[in-house]
Amino acid sequence: MMTKIAFVRKKEIPPSAPPITEVGLIGWLRQNLFSSWLNSILTVLSVYFIVIILWDFIPWAYGGHWNTKSLRECLDLDPDVACFSVLTARWKQLLFGLYPAEEYWRPTLTFIFLLLAIVPILFPKFFRFFWFSIIYPGLAVWLLWGGSFWSISIVYIGLTLGALFFLTLIRRYLKNYMIAAILAFLFTAVFFLFISNPLVGLLNVILPISLPFVESLKMGGFTLSLIVGVTGIVASFPIGILLALGRQSNLPVIKMICVGFIEFIRGVPLITLLFVASVLLNYFLPPGTNFDIVLRVVIMVTLFSAAYMAEVIRGGLAGLPLGQHEASASLGLTYWQSQRLIIMPQALKISIPGIVNTFIGLFKDTTLVSIISLRDPVGLASTIRADQKWNGIYWELYVAIGLMFFIFCWGMSQYSQYLERKLKTDK
Amino acid sequence: MEKTKINITDEVAIHISDMNKWFGNFHVLRDINLEVRRGERIVVCGPSGSGKSTLIRCINRLEEHQKGSIIVDGTELTTDLKNIDKIRSEVGMVFQHFNLFPHLTTLENCTLAPMWVRETPEKEATEIAMEMLEKVKIPEQAHKYPGQLSGGQQQRVAIARSLCMKPRIMLFDEVTSALDPEMIKEVLDTMIQLAEEGMTMICVTHEMGFARQVADRVIFMDDGQIVEQNEPEEFFKNPKSDRTKLFLSQILGH
């Protein structure tokens, strides 16, 4: 007998609520923690391990001593709890290194300004305050190292004059960007070679503003981590973009330079580069040059993470369909316009997790400077433990340092997730 | 429906002579000679791999030709980047896979090129964009992102985006091939409307109904060569070459 295949819908089925076991807390628990026997066993085991770890950790941390004079005193009171007194005694050193105590306000202020300066970059809503982000680097250098206010300002004055010169040329006299750029560069070079020094001298006489000078070897603790980390992050990002573009370039020379740079830097451990920065560079530079150690380290860390950044961004570029290049070309956009308006915004968006990953890695890698005897928090921990009073302490110190790093890195990670959600345009 | 042919002028819009192109050792276009007059509407068809897409992509230099010459609006395509950018800004192109910019809204997709290439002020660019979006009948989607639109809507936005540059020539590269059957009509209707307004158009397509309805000339390509070209009526009724007959029997036969 043939089955009847003709069918016509007689009534519409209205949508109804899902069964009670599928929604709410019970539904969530069933689906996520107890969906099968294996899952249930894993859930119970995990809870067990979390409990036994916290069972020991919480009383240890909660009952910790904060006000003893030495580790010995702690152990005499109660050997089973934490001895946070080391932090009470040495927290200033962990934050500021050997920075002169009466000048602590300067790194503190620099840090507060840092938070203000990154707001316009992170949140477009505040973009009108972007001018502060521009002046911040100069301000930070002046606050941290001190010296004459004018010798920092002159850099800004020179660059502004150069930019104005360039714009005037373009608007009034020339159409060729290349020639205008070269002329503006020469103009700026002349300014810095011949005019800036006398001008700084003059300004120092007319209106002397200066802070006591603090040398680089005094920088330490989280101040140093932030100096190296933040500068590295800010500088490696644009260099990474240029390297990634260069690696995809049609011009063989540019491509070769970029590939060579990236492969070389990635193939060498950061510690090696830091040793080069601390020891070898002095051999290559003319005797008597005093090339600041912090600057040398910052340059090495920047180059190192720029190479990684370039590869991360190249991944994003490779993820874009060829059609995007073709569409922007077919509309008559030039190479740089299409990179800036079409390609990079999408490639960077794809690369956000990788970029932030590199940033976080860079920030934590700043602790390696302790190897070349700079006093970052990890280097300071060794110094503190060498002190007779705190000899033998380790948990408390490293937990505190780890926690500080965690706060910064977790912040970066949270921001990247926020950014990914915000830039999602397909739903 | 009667076609309007009054639009075709004597002015030459595109002149291609003895043009050859290779992909590596593969000779993909061979001795192409083609003259397109202003206002003319041309449909290019042929089996896949026949070089029809490559041909129109040479016209705005998305592909580089190695021999012969291509002159668009009186400007010859050479390695001179300025000429290329100028021609590209006057020749609009619509792609099979839309290629909208997913990080920009529909409206921003449409205003971007006029603002950066033509340096049109934002207000004016927005007005033009809204006008074009109305022309393709989706002004209400102006503030959505491409990912939120259907395929047919995306393709119409892509057409509007090209039109915002006020192009003198439009190239259509298999624009309905990636669409669901339900959406093909809305895109074809937009193209028909454009054709009736007298736009110079070259369309690579398999939509033979469209070819019959709007084309002034149908070109059949195979193996990188132009095999046959004729007015649509004659082309479909009395194909001369065996290769054309075979092709037509295959695509019209079911």
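Protein chains get the first letters and strands the later ones, always in sequence-line order, with residue 1 at the start of each.
Within the structure, salt bridge (charged side-chain N to carboxylate O under 4.0 Å, His left out) pairs that include any residue of residues 329-346 of chain A do not occur (at least two apart or interchain).
Here the closest non-hydrogen pair linking B:F101 and B:N109 is N-OD1, 2.8 Å. Closest of all the heavy-atom pairs between B:C110 and B:L133 is SG-CD2, 4.1 Å. Considering every non-hydrogen atom in both A:I313 and A:G240, the closest pair reads CD1-C, 4.1 Å. The minimum heavy-atom distance linking A:S133 with A:A117 is given by the pair OG-O, 2.7 Å.
A parallel orientation is assigned to the rings of A:F165 and A:F187, their planes being inclined by less than 30° (bins at 30° and 60°). Using the six-membered ring where Trp is involved, A:F130 and A:F127 have ring planes that are parallel, under 30° apart on the 30 and 60° scheme. Relative orientation of the A:F237 and A:F359 rings is perpendicular, given thresholds of 30° and 60° on the angle between their planes.
With a 4.5 angstrom heavy-atom cutoff, A:E326 touches chain B via backbone and side-chain atoms both. Contact of B:L100 with chain A is made through the backbone alone, with heavy-atom distances under 4.5 Å.
Inspection of non-hydrogen atoms places B:R88, B:S89, B:V91, B:M93, B:F95, B:N99 of residues 88-99 of chain B under 4.5 Å from chain A. The interface of residues 56-67 of chain B with chain A, defined by heavy-atom distances below 4.5 Å, comprises B:R57, B:N60, B:L62.
Under the 6.0 Å cut-off for aromatic ring centres, A:F126 and A:F132 do not qualify, their centroids lying 6.0 Å or more apart.
For the side chain to side chain contact (heavy atoms under 4.5 Å, CB included) test, residues two or more places apart in sequence or in another chain that qualify with B:E122 are B:M115, B:T126.
Exactly one residue among B:H15, B:K86, B:R38 makes a side chain to side chain donor-acceptor pair (under 3.5 Å) with B:D73. That residue is B:R38.
For the set B:R161, B:M165, B:K144, the count of heavy-atom pairs under 4.5 angstrom toward chain A peaks at B:R161.
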